[in-house]
Protein chains: 2
Amino acid sequence: MADKWSLLVIALLDRHTMRFSELRRAIDGVSQRMLTVTLRHLERDGIISRTVYPVVPPRVDYELTPLGMSLHQVIKSLVTWTEEHQQEIAAAHAAYDERVAREEPELVSPRRG
Amino acid sequence: MADKWSLLVIALLDRHTMRFSELRRAIDGVSQRMLTVTLRHLERDGIISRTVYPVVPPRVDYELTPLGMSLHQVIKSLVTWTEEHQQEIAAAHAAYDERVAREEPELVSPRRG
DNA sequence: CCGAATCCTAACGGATACTG
DNA sequence: CAGTATCCGTTAGGATTCGG
């Protein structure tokens with residue numbers, strides 16, 4: 001449950017219960033299929049609970065379980081770490097890519113050392 | 001860098017510097033290719049550093065950078081959470097699977113409700 | 001010993017159409 | 001509205017081979 005959709009679902013449900021279509025609208029770019037798959041996985045892991053109201057039109061609410069809430073605390077520290085260090089990471093990327101760019105050319109054109 | 005190989009590499013390197021083949025032996029089931037790919041990603045993200053000793057046979061050491069060490073602290077809380085709650089999760093799996101098993105049959109054999 | 005490159009298969013994930 | 005089922009392109013990742 002460490003994929004990106006799960007993280008977003010957990011973050012959103014921490015604030016309040018949400019319906020399927022609310023989640024779909026709130027999570028930009030998620031397909032209906034992936035949201036369904038994600039919600040099933042989280043439900044199976046006991047992170048969220050699913051409540052079906054036998055009304056028409058159908059209504060299904062999702063909410064974090066106590067287990068899910070405790071997981072959210074842990075996840076937040078990961079998110080915080082990422083936010084705090086993303087500049088360092090970007091700098092590391094730039095440094096790494098430049099290093100590679102300086103070393104590659106020798107191999108593709110070794111004509112006359 | 002949240003995949004399972006990366007997590008294991010970070011956990012191992014937290015104790016001490018390791019060579020490529022040491023990591024390969026220590027991480028059960030990792031292919032040479034995936035270990036290489038994983039190490040490159042971690043290096044690019046600035047999580048580990050790579051030191052090549054120009055000797056024969058070649059020797060390459062990997063170690064955690066300060067950034068990597070700080071990440072490890074965060075990861076540990078995730079690992080700890082997983083260990084502490086894996087029984088709850090297993091129970092949730094069993095409960096979910098049983099629920100599904102009780103509901104599915106109606107659909108495949110609805111003969112004579 | 002360390003790693004790059006190639007090949008190939010399985011899983012992931014989007015788009016679409018259909019159901020209750 | 002809230003799914004399920006199907007098709008299908010993309011990618012992850014193992015096995016293998018070659019190079020420094």
Side-chain angles (χ1 to χ4, degrees), chain A residues 1-9 12-13 17-45 48-63 96-97 99-110 113, chain B residues 1-9 12-13 17-45 48-63 96 99-101 103-110 113:
Chain A
M1 63 250 192
D3 57 298
K4 75 176 192 179
W5 300 136
S6 296
L7 260 46
L8 289 167
V9 167
L12 285 167
L13 289 185
T17 293
M18 288 178 84
R19 300 182 55 174
F20 185 88
S21 48
E22 286 180 311
L23 286 167
R24 184 142 155 63
R25 275 192 301 274
I27 302 176
D28 193 63
V30 72
S31 65
Q32 186 186 43
R33 182 181 176 281
M34 283 317 296
L35 182 54
T36 301
V37 170
T38 298
L39 291 170
R40 288 294 175 281
H41 281 157
L42 291 174
E43 187 193 357
R44 182 165 187 267
D45 288 342
I48 64 175
S49 66
R50 177 170 176 269
T51 310
V52 182
Y53 298 96
V55 297
V56 40
R59 176 198 176 101
V60 181
D61 279 2
Y62 294 92
E63 65 182 323
Y96 180 91
D97 292 347
R99 243 180 295 148
V100 173
R102 276 205 316 278
E103 290 162 11
E104 290 280 316
E106 315 168 16
L107 302 173
V108 279
S109 96
Chain B
M1 63 250 192
D3 58 298
K4 73 176 195 180
W5 300 136
S6 297
L7 261 47
L8 290 166
V9 167
L12 285 167
L13 289 185
T17 293
M18 288 178 84
R19 302 183 54 175
F20 185 88
S21 47
E22 286 179 309
L23 285 167
R24 184 142 156 65
R25 274 192 301 273
I27 302 176
D28 193 63
V30 72
S31 67
Q32 185 188 44
R33 182 181 177 282
M34 283 318 295
L35 183 54
T36 301
V37 169
T38 299
L39 291 170
R40 287 296 173 281
H41 282 156
L42 291 174
E43 188 194 357
R44 183 164 187 269
D45 287 342
I48 65 175
S49 67
R50 177 169 176 268
T51 310
V52 182
Y53 297 96
V55 297
V56 39
R59 176 200 176 99
V60 182
D61 279 2
Y62 293 93
E63 66 181 322
Y96 180 90
R99 243 179 295 149
V100 173
E103 290 161 12
E104 289 280 317
E106 314 168 16
L107 302 173
V108 279
S109 91

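These values consider heavy atoms only, across backbone and side chains, with no hydrogens, waters or symmetry-generated copies. Chain letters run A, B, ... following the sequence lines, proteins first and then strands; every chain starts at 1.
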B/Tyr53 versus B/Asp61, closest heavy-atom pair with distance
CE1-OD2, 3.5 Å
A/Leu35 to A/Val30 - nearest heavy-atom pair and separation:
N-CG2, 3.8 Å
Separation of C/dC12 C1' from A/Asp3 CG (nearest whole Å)
11 Å
Value in whole Å for how far the C1' atom of C/dA11 lies from NZ of B/Lys4
14 Å
On a heavy-atom basis, the closest approach of B/Val60 and B/Arg50 is CG1-CG, 3.7 Å
Over all heavy atoms of both residues, which pair between B/Ser31 and B/Arg24 is shortest? Give the atoms and the distance, please.
C-NH1, 3.8 Å
side-chain N/O B/Arg50 vs C/dG3 OP1/OP2, d < 4.0 Å:
yes
How bent is the helix from C/dC1-D/dG20 to C/dG20-D/dC1, comparing axes over its five end pairs at each side, to the nearest 10°?
40°
Taking all heavy atoms of B/Leu13 and all of B/Tyr62, pick out the closest pair and write down the distance.
CD2-O, 3.4 Å
Measure the distance from CG on B/Leu39 to C1' on C/dA4 and round it to the nearest whole Å.
14 Å
Return no unless some side-chain N or O of B/Arg40 is found under 4.0 Å from OP1 or OP2 of C/dA4.
yes
Within the 4.0 Å heavy-atom criterion, would you say B/Tyr53 contacts the bases, only the backbone, or no part of the nucleic acid?
nothing
For the pair made of CD1 in A/Ile27 and C1' in C/dG13, what is the distance, rounded to whole Å?
15 Å
Residue mapping more 5' on DNA chain D - nearest nucleotide basis, B/Val30 or B/Pro58
B/Val30
Nearest heavy-atom neighbours spanning B/Thr17 and B/Glu63:
OG1-CB, 3.4 Å
Evaluate B/Leu23 against B/Leu39 for side-chain contact (heavy atoms from CB on, under 4.5 Å), listing each step before the verdict.
CA-CA 10 Å; B/Leu23 285 167; B/Leu39 291 170; 4.0 Å; yes
Could you state the atom-to-atom distance from CZ of A/Arg33 to P of C/dA17 in whole Å?
16 Å
To the nearest 0.5 Å, what is the distance between CZ (B/Arg19) and CZ (B/Arg25)?
8.5 Å
Quick one: B/Arg19 CZ to C/dC1 C1', roughly how many Å, whole number?
7 Å
Given side-chain contact (heavy atoms from CB on, under 4.5 Å), test B/Asp45 with A/Tyr96 step by step and report yes or no.
CA-CA 8 Å; B/Asp45 287 342; A/Tyr96 180 91; over 6 Å; no
First and last nucleotide of DNA chain D in contact with chain B, 5' to 3', at under 4.0 Å to a heavy atom: what are they?
D/dG13 to D/dG20
What integer distance in Å separates A/Gln32:CD from C/dC18:P?
14 Å
Find the distance B/Leu23:CG to C/dC1:C1' and express it as a whole number of Å.
14 Å
